[in-house]
Amino acid sequence: MNTALVVDDDETVGDVVAAYLIRAGLTVVRSGDGIDALTAAARTPPDIVVLDLMLPGIDGLEVCRRLRRSRPELPIVMLTARGEEDDRIRGLEVGADDYITKPFSPRELVLRVQSVLRRSGAASASQGEPQDSPDRVVDGDLEIDRRARRVRRDGRELALTVREFDLLSWFLGNPGRAVRREELMQDVWGWDFGDASTVTVHVSRLREKVEPDPTAPVRLVTVFGIGYRWDPAT
């Protein structure tokens, strides 16, 4: 049974989130502030974190940063009243896998949590890849092991989030193909709707880890007017 750490200083919101996640079959650990959340995560390592942005002590952005340093692969879903685009992007930039704004649909929250958990499973096959896509792919100095969900560059293991790994896996399974952000959102995130800037931020984060020069990408390139394309190493 998966464990979710729910971090929100609003007790009513925390009660609603916890109730729906428990009903969906998860074990829930509650926290009401940033410091306590980090302590709880160290004491009982969760399988996913549902994290409010505005918290007493240290805010959700800093909690996310610290959790990412200790557990890069830990799925994190931001849940906050801040709906402005800048705040959404900041949350994604520090490592959130998903972002839901208040007021929210509890059913949608559960679906998003379940989606991220499925994608983080070591045995999960990435959507959008060919049926015969191999478990291990080598592209220049990059090596991806889909079964173990590990990526190495020049023999050094990269710390990728759930979404970053899934994006890279998708691109390596579809080399040379120009793809729209909306298609990536459907294939990688499993959503038929959503903010396409989510894809933009994750692509930017992935470039920081796989490109020799992220400001002049040669692997994960922009196709103007369409979206992105993965150019294999030659």
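Starting from 1, each residue takes its place in the sequence as its number.
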Measuring only between side-chain heavy atoms, which start at C-beta, is V50 closer than 4.5 Å to V113? yes
Side chain proximity check, V210 to L142, heavy atoms < 4.5 angstrom: yes
Between R205 and E208, does any side-chain N to carboxylate O distance fall below 4.0 Å? no
For R163 and V188, the nearest pair of non-hydrogen atoms, with its separation, is NH1-O, 3.5 Å
Ignoring hydrogens, what is the shortest heavy-atom contact between R146 and S169? Give both atom names and the distance. NE-OG, 2.7 Å
Main-chain N/O of V77 paired to D97 side chain as donor or acceptor, under 3.5 Å: no
For a 4.5 angstrom cut-off between non-hydrogen side-chain atoms, does V116 reach R112? no
Could you go through the side-chain contact (heavy atoms from CB on, under 4.5 Å) check for Y228 and T222 one step at a time? CA-CA 5 Å; Y228 306 102; T222 297; 3.9 Å; yes
Has R71 got a side-chain atom pairing as donor or acceptor with A41's backbone, closer than 3.5 angstrom? no
Tell me, do R68 and I76 make a side-chain contact under 4.5 Å, heavy atoms counted? yes
In the structure I gave you, are the side-chain heavy atoms of V151 and I144 within less than 4.5 Å of one another anywhere? yes
For a quick test of reading the model, state the closest non-hydrogen atom pair linking D33 to S31 and the distance between them. O-OG, 3.2 Å
Membership question, hydrophobic clusters at under 4.5 Å side-chain separation (ILVMFWY): are F104 and I22 in the same one? yes
Ignoring hydrogens and angles, tell me if any N or O in the side chain of D8 forms a donor-acceptor pair with the backbone of G14 under 3.5 Å. no
Tell me whether I35 shares a hydrophobic cluster with L5, the cluster being built from Ile, Leu, Val, Met, Phe, Trp, Tyr side chains joined at under 4.5 Å. yes
Are any side-chain N or O atoms of D59 and backbone N or O atoms of L61, one a donor and one an acceptor, separated by less than 3.5 Å? yes
Can a salt bridge be assigned to the pair D213 and R219 using a cut-off of 4.0 Å between side-chain N and carboxylate O? no
Would a 4.5 Å heavy-atom cut-off, applied to side chains only, mark N174 and V179 as touching? no
Side-chain contact, heavy-atom cut-off 4.5 Å: L55 with V7? yes
Given the rule that I, L, V, M, F, W and Y join up when any side-chain heavy atoms are under 4.5 Å apart, are V221 and L167 in one cluster? no
Restricting to non-hydrogen atoms, name the atom on A178 and the atom on I226 that form the minimum distance, rounded to 0.1 Å. CB-CG2, 4.3 Å
Any donor-acceptor pair under 3.5 Å from R181 side chain to T200 backbone: no
If the threshold is 4.0 Å, N to carboxylate O, is there a salt bridge linking K209 and E164? yes
Considering only heavy atoms from C-beta outward, does the side chain of V218 approach that of D231 to under 4.5 Å? no
Looking at D145 and R152, does any basic side-chain N land under 4.0 Å from a carboxylate oxygen? no
